[in-house]
**Student:** 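My questions will all concern the structure given below.
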Amino acid sequence: MKSKKTYHDEISVNVGRLEKCFNSIRSKPDDFTSLKEALNLIKIIGGTADMNGYKAISRISNGLIPVIEDLIENKISPKNEAVKLFNLSISYYRTITDQADSEANSLSVENILDAYKSINSGTPIDITEIYQKDILQGKTKTDYLMHSSGIDSRKKVEITLQKIDNAINKLNDIVLNQYQLKYKVDDILKTETGLSELSEKIDELSGDKKLNTQIKKELAVNIAALKDLRNSLSNKLSQSERDTFTLQQDILGFRMIPAALINPELQNLFNAETQKNKKDAVLKISGTSPSIDKFILQKLIGPLEAIIINSVTHGIEPPQERKRKNKPEKGTVEISYSETGGKIIITVRDDGCGIDFIRFKRLCMKIFPYESDEISAMTDDELIKYLFMQGITAGTADGFNSGSGQGLYNAYEGVQQVKGKISLRNTEPEGLEVTVTVPKSLTTVNGFFIRSAGEKFLIPSTFIDEIIYVNATEIIDLLTKHAVKVRNDIIPIFPLSGILKGSGSGSTDKMHVIIVNELGDKIGIIVDEILYHSSVIYKPMPKNVEKIKSLQGIVFDEEYNIVNILHIPEITHKLKAIRNIEFREKFSSANLRYKNILIVDDSELNRRIEKNIIVNLNVNIDEAYNGIDALSKIRDKHYDLIITDSKMPQMDGITFIENLRKENDYRITPVIVLASSNEEASDSRFRNLGVTHIFNKSYFNRDVLVETASNLLNSDNDE
């Protein structure tokens with residue numbers, strides 16, 4: 001365990017490194033390398049501070065991060081004010097660390113935190129005033145040194161679950177309203193762009209030059225006001241989103257209750273079932289009881305009861321039979337709890353007779369004669385799905401449940417309601433183990449963001465066994481399907497884009513494959529790209545689309561974009577229905593990799609025209625309304641070709657390409673420039689940036705543009 005002095009020293013060393021970065025940024029405000037390095041150091045300083053309770057340092061770091069991010073994205077102007085603020089931040093860091101081990105008065109961090117917010121929103125700040133108030137005077141104490149004799153913050157108070165639910169619902173409404181406000185910001189930008197275009201066309205509408213000049217001046221004033229409004233609203237909204245997310249996470253924690261609360265109910269059921277079936281058995285409960293969302297826990301009572309009933313009724317043998325098998329006369333059913341990666345795992349294990357899969361296979365062949373050939377070739381793991389069908393059991397002579405008619409089907413349905421999964425296996429030497437895996441909370445979901453067919457999705461971690469990367473040469477052709485060998489298993493693989501609208505990159509030299517497991521049935525899902533793992537706020541499907549079986553809900557990603565959650569049981573069913581001929585047709589070597597093109601133009605009409613010209617190339621086409629928007633998009637997705645306008649507001653074509661070339665993945669990506677004039681078309685700066693094709697918008701040939709784009713994409717293939 002590191003000492004407090006060690007953390008103190010680590011912070012001091014990293015503050016020194018950060019100061020060097022800030023000095024570099026002062027001389028070169030557009031140095032993205034130094035900005036990114038500074039961002040990384042601030043996160044390290046904040047993380048180190050969090051680990052040892054230096055709250056003031058942590059708060060400064062959290063306030064600085066959005067400022068650096070906005071500088072990287074060219075959202076802050078003037079930049080020199082931000083650079084001055086960085087130097088002041090170093091003074092705060094040093095003063096706080098110097099006083100960390102003393103009880104002396106120290107500076108407040110509130111003024112500089114307000115300054116961070118102000119510079120993000122474009123509001124003027126007086127850095128000298130902040131310095132005089134805090135660094136020079138230092139009248140107040142930092143929050144981690146303050147000692148209060150008031151109410152103990154550790155005191156517990158009662159609050160009803162209903163009040164917590166109401167608070168969560170209100171917060172959900174706030175999040176949705178914030179999302180709608182983001183669209184309003186986009187509407188302001190469209191109005192701003194429209195006014196700019198109108199200003200350029202004023203001379204065409206009237207011959208009165210004096211009047212035109214006056215109108216243009218008035219338009220310029222209004223455009224500037226709109227821009228200020230949009231920037232201010234956008235920054236305030238971003239801050240509000242961050243605060244809301246933190247508050248939402250805090251409130252969600254209030255709804256978590258110990259899983260052990262249902263133990264007495266399960267014990268009573270177990271006692272009643274053993275007495276009813278004349279079984280001699282004991283129920284054991286092990287593992288540390290994790291906290292779980294109260295809604296999930298309520299829904300789990302029914303499935304766990306069904307599993308316990310199955311163990312007592314069909315698993316645990318009568319005392320005489322157990323004695324004959326040299327088993328203890330008293331049987332055992334054990335419930336164990338564990339928690340990992342945002343998932344709660346509940347295992348019900350008994351030492352009964354287990355499942356006779358040889359006998360059960362024969363029963364299934366009789367019950368489903370039309371599938372007898374397929375069933376005959378199934379492994380034990382593949383047979384498991386029949387145990388979860390309504391009315392089917394391995395514990396009777398005819399294979400039909402003679403009791404409630406529910407059996408493990410009831411458990412499966414209940415677990416599905418809380419977006420979990422259930423599995424079972426025989427244990428050695430005898431016995432059965434049923435495992436239920438559910439999310440810790442239905443209001444949050446852990447999973448991997450992936451991209452397929454040009455869309456972003458989330459696959460819940462609950463269903464994922466592992467992620468592998470497969471070379472095209474490793475694919476096994478089984479005539480009716482493709483497969484891949486994973487250790488000793490042959491696992492069929494299917495392209496997710498095969499059941500989605502749009503084009504995907506079905507086969508590449510290196511394929512991303514997610515192995516999912518549904519009732520013991522493993523398949524590999526091929527996706528275009530695995531983005532990152534995250535824990536995010538879960539939302540039920542909106543009413544108008546809640547009947548779509550392939551989706552189980554929605555989440556917001558880090559930019560508050562709506563992302564659909566895939567319902568893996570249904571996705572598995574649909575993928576397995578894909579005929580191999582369809583796979584071959586769509587993912588043949590001729591279509592080995594679908595290409596992505598980005599069109600950058602501030603005119604929506606121009607973007608539409610350019611898109612219509614190249615749409616027949618069988619490519620995925622995205623649009624950006626200016627250079628800043630384009631830079632944001634290239635960091636989220638790879639583009640094989642970029643077609644950009646030369647003249648755009650906020651960031652013109654040359655500036656955009658200069659920034660593009662600074663990205664490692666885009667140093668040699670082909671770029672086509674559509675220039676507004678012959679003068680721009682001959683600008684040598686485009687050639688110096690690696691642009692090989694420049695067309696004048698006024699009189700270029702459509703066919704030539706298509707042919708040029710096609711050649712550039714194909715040459716990229718050859719490389």
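Heavy atoms only: backbone and side chains are in, while hydrogens, waters and symmetry mates are out.
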**Student:** Minimum heavy-atom separation for P66 to N62, with atom names?
**Tutor:**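 The answer is CD-O, 3.1 Å.
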**Student:** Return the orientation label for the H512 and Y469 ring planes: parallel under 30°, perpendicular over 60°, tilted otherwise.
**Tutor:**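 Taking Y469 first and then H512, their aromatic rings stand perpendicular (interplane angle over 60°).
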**Student:** For the residue pair H482 and P492, establish whether any side-chain heavy-atom pair is separated by less than 4.5 Å.
**Tutor:**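 Side-chain contact under 4.5 Å: no.
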**Student:** Just verifying a value: how many Å separate L712 CG and E707 CD, rounded to the nearest 0.5 Å?
**Tutor:**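 With rounding to 0.5 Å, CG (L712) is 10.5 Å from CD (E707).
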**Student:** CG of L189 to OG of S196: how many Å apart, nearest 0.5 Å?
**Tutor:**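 Separation between the atoms: 9.0 Å.
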**Student:** Within this structure, what is the CD-CG distance for the pair E623 and N606, rounded to the nearest 0.5 Å?
**Tutor:**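 So the gap between those two atoms works out to 11.0 Å.
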**Student:** Output the distance between atom CD1 (I614) and atom CD1 (I672), rounded to the nearest 0.5 Å.
**Tutor:**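 Here the interatomic distance stands at 8.0 Å.
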**Student:** Could you tell me which non-hydrogen atom of A453 sits nearest to which non-hydrogen atom of D528, and how far apart they are?
**Tutor:**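 So the two residues come closest at N-OD2, 3.0 Å.
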**Student:** Rounded to the nearest 0.5 Å, what's the gap from CG on L566 to CD1 on I459? Could you check?
**Tutor:**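 These two atoms lie 5.5 Å from each other.
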**Student:** What heavy-atom pair brings V671 and V691 nearest, and what distance separates the two atoms?
**Tutor:**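 For V671 and V691, the tightest heavy-atom pair comes out as O-CG1, 3.6 Å.
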**Student:** Establish, yes or no, whether a centroid distance under 6.0 Å links the rings of Y666 and H638.
**Tutor:**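 Between Y666 and H638, the centre distance is under 6.0 Å.
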**Student:** Can you tell if the side chain of I642 reaches within under 4.5 Å of the side chain of I597, non-hydrogen atoms only?
**Tutor:**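 No, their side chains stay 4.5 Å or more apart.
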**Student:** Any donor-acceptor pair under 3.5 Å linking the side chain of R661 with the backbone of L689?
**Tutor:**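 Side chain of R661 to backbone of L689, a donor-acceptor pair under 3.5 Å: yes, one is there.
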**Student:** V516 versus I525: any side-chain heavy-atom pair under 4.5 Å?
**Tutor:**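 Contact flag for V516/I525 side chains = yes.
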**Student:** With heavy-atom distances below 4.5 Å as the criterion, would you say the side chains of L531 and F448 are in contact?
**Tutor:**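 L531 vs F448: side chains apart.
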**Student:** For residues H567 and S550, determine if any side-chain heavy atom of one lies less than 4.5 Å from a side-chain heavy atom of the other.
**Tutor:**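 No, too far: nothing below the 4.5 Å cut-off.
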**Student:** Just so I know, are the side chains of I523 and L575 near enough to count as touching, which here means a heavy-atom distance under 4.5 Å?
**Tutor:**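 Yes. Closest side-chain heavy atoms under 4.5 Å.
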**Student:** Measure the CG-NZ distance between N40 and K36 for me, rounded to the nearest 0.5 Å.
**Tutor:**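 Here the interatomic distance stands at 11.5 Å.
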**Student:** Taking atom NZ of K217 as the centre, does the number of heavy atoms from other residues, nucleotides or ligands within less than 6.0 Å exceed 12?
**Tutor:**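 Counting other residues, nucleotides and ligands, NZ of K217 stays at 12 neighbours or fewer.
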**Student:** Output, in order, the C-alpha distance, side-chain angles, deciding distance and verdict of side chain to side chain contact (heavy atoms under 4.5 Å, CB included) for N596 and Y639.
**Tutor:** CA-CA 5 Å; N596 297 315; Y639 292 96; 3.7 Å; yes
**Student:** Determine all donor-acceptor pairs shorter than 3.5 Å in which one atom belongs to a side chain in residues 650-660; sequence neighbours excluded.
**Tutor:**
residue : atom : partner : partner atom : Å
Q650    : OE1  : N626    : ND2          : 2.6
D652    : OD1  : T655    : N            : 2.9
D652    : OD1  : T655    : OG1          : 2.7
N659    : ND2  : T655    : O            : 2.8

**Student:** Using atom types as modelled and distance alone, determine if a side-chain donor or acceptor of S710 lies under 3.5 Å from a backbone N or O of V706.
**Tutor:**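 No; judged by distance alone, with no hydrogens or angles, the pair does not exist.
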**Student:** Would you say that more than 12 heavy atoms from the other residues, nucleotides or ligands in this model lie under 6.0 Å from the CD of E604, or not?
**Tutor:**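 Check fails, neighbour count at 12 or below.
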**Student:** Backbone N or O of D601 within a donor-acceptor pair of the R607 side chain at under 3.5 Å?
**Tutor:**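 Indeed, once roles are kept as given, a pair shorter than 3.5 Å links the two residues.
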**Student:** Mark yes when over 12 heavy atoms from residues, nucleotides or ligands other than R635 sit less than 6.0 Å from its CZ; otherwise mark no.
**Tutor:**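 Yes, enclosed.
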**Student:** Is any side-chain heavy atom of Y116 less than 4.5 Å from a side-chain heavy atom of V67?
**Tutor:**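 Yes, close enough: below the 4.5 Å cut-off.
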**Student:** Any side-chain heavy atom of M511 within less than 4.5 Å of one from I475?
**Tutor:**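 M511 vs I475: side chains touch.
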**Student:** For residues S452 and F457, report the shortest heavy-atom separation together with the two atoms involved.
**Tutor:**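 Reported closest heavy-atom pair: O-CE1, 3.9 Å.
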**Student:** Determine, for K633 against D622, whether the closest basic-nitrogen to carboxylate-oxygen distance falls under 4.0 angstrom.
**Tutor:**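 Here K633 does not pair with D622 in a salt bridge, since their nearest N and O are not under 4.0 Å apart.
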**Student:** Check this for me: does any side-chain nitrogen of one of E663 and R667 sit under 4.0 Å from a carboxylate oxygen of the other?
**Tutor:**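 No, this pair does not count.
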**Student:** Please determine whether side chain to side chain contact (heavy atoms under 4.5 Å, CB included) holds for the pair V484 and I468, giving the CA-CA distance in whole Å, both sets of side-chain angles, and the decisive distance to 0.1 Å.
**Tutor:** CA-CA 10 Å; V484 65; I468 61 175; 4.3 Å; yes
**Student:** Please step through side chain to side chain contact (heavy atoms under 4.5 Å, CB included) for the pair V445 and I565, ending with a clear verdict.
**Tutor:** CA-CA 9 Å; V445 59; I565 309 171; 4.2 Å; yes
**Student:** Looking only at heavy atoms, what is the nearest atom pair of I530 and V527, with distance?
**Tutor:**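 Smallest interatomic distance, heavy atoms only, reads CG1-CG2, 3.8 Å.
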**Student:** Which atom pair, heavy atoms only, marks the closest approach of G524 to I515?
**Tutor:**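 Where G524 meets I515 most closely, the heavy atoms are CA-CD1, 3.9 Å.
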**Student:** Could you tell me whether E192 and K227 have a side-chain N and a carboxylate O separated by less than 4.0 Å?
**Tutor:**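 Looking at K227 together with E192, the answer is no, because their closest N to O distance does not fall below 4.0 Å.
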